[in-house]
Amino acid sequence: MIKLLRYLPLTLYFLSFNGVAQTQELLHWWSSKGELKALQTIEKIIQQENKQIQQHYWQVNAIVGEGGLSASKVLQTRGLAGTLPTLAQLSGTEITTWAKFGLLQPLDNTAKQENWELLMRPLALQVSRYQGQYIALPLAIHRINWLWTNNQIFRQQQQIIPKSVDQFIAVIKVFNAQNIKPLAIGNQPWQIAILFENIALGLTSSTYYKKAFVELDKQAIKAEKMHFILNKFREISLLIKPTISKQSWENATLTLLHHQAAMQLSGDWVLGEIIAIDDDALSYINCSNAPGTEGTFIYNMDNIVHFKNSNNQRQNMAAQKVLRQLSSSQLQHDFSKAKGALPARIDVDMSDFNRCTLQAEKDYTMAKQNATLLPSMTDSMAVNPVIQKMLINQIYTFFNNPNISNQIFIDNFTAIASGSSIR
Ligand code: BGC
């Protein structure tokens, strides 16, 4: 809102000046310190464009909150109201859903001009294609199964970084006993679902994860393994719930950074956050695989789509121009480096990236070879957005209510999976 107001006078000026200026908008959900730093690289391009205004003027607006869940609701409402932005950040199956409604502008020309087929990671291209057409620009790839730990607390408490979920539970107990907050996390659906997805993979295998959370295979959902996951997840919830509030993920990260919490189990936007706040953060914050998930890589991707909301040729060309610049190697380098993510392009020189992103790159390559690259269920990379949101709700309710038995969760999950033909 503040941003909107900042741009408004200028927009009005251009409108009144030549009477035909059109406002174009890029909508996103990047609002934490690290995300804003990464966003600056995009804003630089937008500002350049705005300097050359003729018939359009760009605004960059954020819908804050919960890994895009709020932005997704706003986009749906704006879709119904016929006021979609020109460009928007979108992930995974949300992209295909909008494409099914025929609302996304194909980007095949941009893809050809920028040689995407040769220069982008095949996985990024796969996520950005629908019925043989490119309908989204691949920007960056996040890894979800990371454990961030505070070295000082671990040293003081003489603990070692947990390599399995059982070790993870054991250190939580140690920190609890010492009145140290074990986990930096806010009690919000998206954050809790990420915790669940990491624990579920850590306790099982990529084969089971794919069956249960990607293919929604009923046998896998009802299997003994799901009880095993839920028992451990219940144990974790009982241990950490009394220590947490409803804070945002970035405020949780701040507690990790300020030595007020020992660990955070979340994607590498956490990395972008800590290095944006303190250049030296990686000297006291460690990155390692989420417990039990070594050799796997749960991914989430940042994409930008172009909505078909204008018949104005000039406006569309202006949007395509911005998209071309967003696919450039330089932009992808600068954006990903700040974001803590891997660039979607393969030709980006990553030699000046930090050790955690370089580790993510190695893990990505290994997971690709071993077929253990796994789409994030929480971040709508695996199942369609309706199923994704229902599942997140189930996980959140289970986490917060000990009266929800494993069986209730499994029955609800099975019912959700039965409706998965709306996929
Ligand atoms: C997005 C990231 C973002 C994170 C937290 C994820 O869904 O892919 O770009 O940093 O949410 O806001």
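Indexing begins at 1, ligand by ligand and atom by atom, following the structure's order. Not measured: the values here are computed from a predicted model.
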### Message
Taking the ring of Phe154 and the ring of Phe175, is the distance between their centroids below 6.0 Å?
### Response
yes

### Query
Under 6.0 Å between ring centres, would you say that holds for Trp269 and Trp190?
yes

Got the closest protein heavy atom to [atom], with its distance?
atom	result
atom 1 (C) of ligand 1	Asp302 OD1, 3.4 Å
atom 6 (C) of ligand 1	Asn300 ND2, 3.5 Å
atom 11 (O) of ligand 1	Trp29 NE1, 3.3 Å
atom 7 (O) of ligand 1	Asp379 OD1, 3.0 Å

### Pairwise side-chain contact, Lys362 with Met366, heavy-atom cut-off 4.5 Å (strictly under)
no

### Task
Over all heavy atoms of both residues, which pair between Leu107 and Ile304 is shortest? Give the atoms and the distance, please.
CD1-O, 4.4 Å

## Note on the structure
Given the options Thr293, Ile298, Leu203, Thr372, Tyr209 meets side chain to side chain contact (heavy atoms under 4.5 Å, CB included) only with Ile298

### Task
Measure the spacing between NZ of Lys246 and CD of Gln191 and express it to the nearest 0.5 Å.
10.5 Å

### Query
Tyr364 ring centre to Arg121 NZ or CZ under 6.0 Å, with the angle to the axis within 45°?
yes

### Query
Is there any N or O on Ser91 that sits under 3.5 Å from an N or O of ligand 1?
no

### Query
What atoms of ligand 1 come closer than 4.0 angstrom to any heavy atom of His142?
2 (C), 9 (O)

### Query
With atoms numbered from 1 as shown, which atoms in ligand 1 lie under 4.0 angstrom from a non-hydrogen atom of Gln89?
9 (O)

### Query
Should the proximity of Trp190 to ligand 1, defined as any heavy atom under 4.0 Å, be assigned to the side chain, the backbone, both, or neither?
side chain

### Message
Could you work out, for atom 2 (C) of ligand 1, the closest of Lys339, Met301, His28, Glu35 by heavy-atom distance?
### Response
Lys339

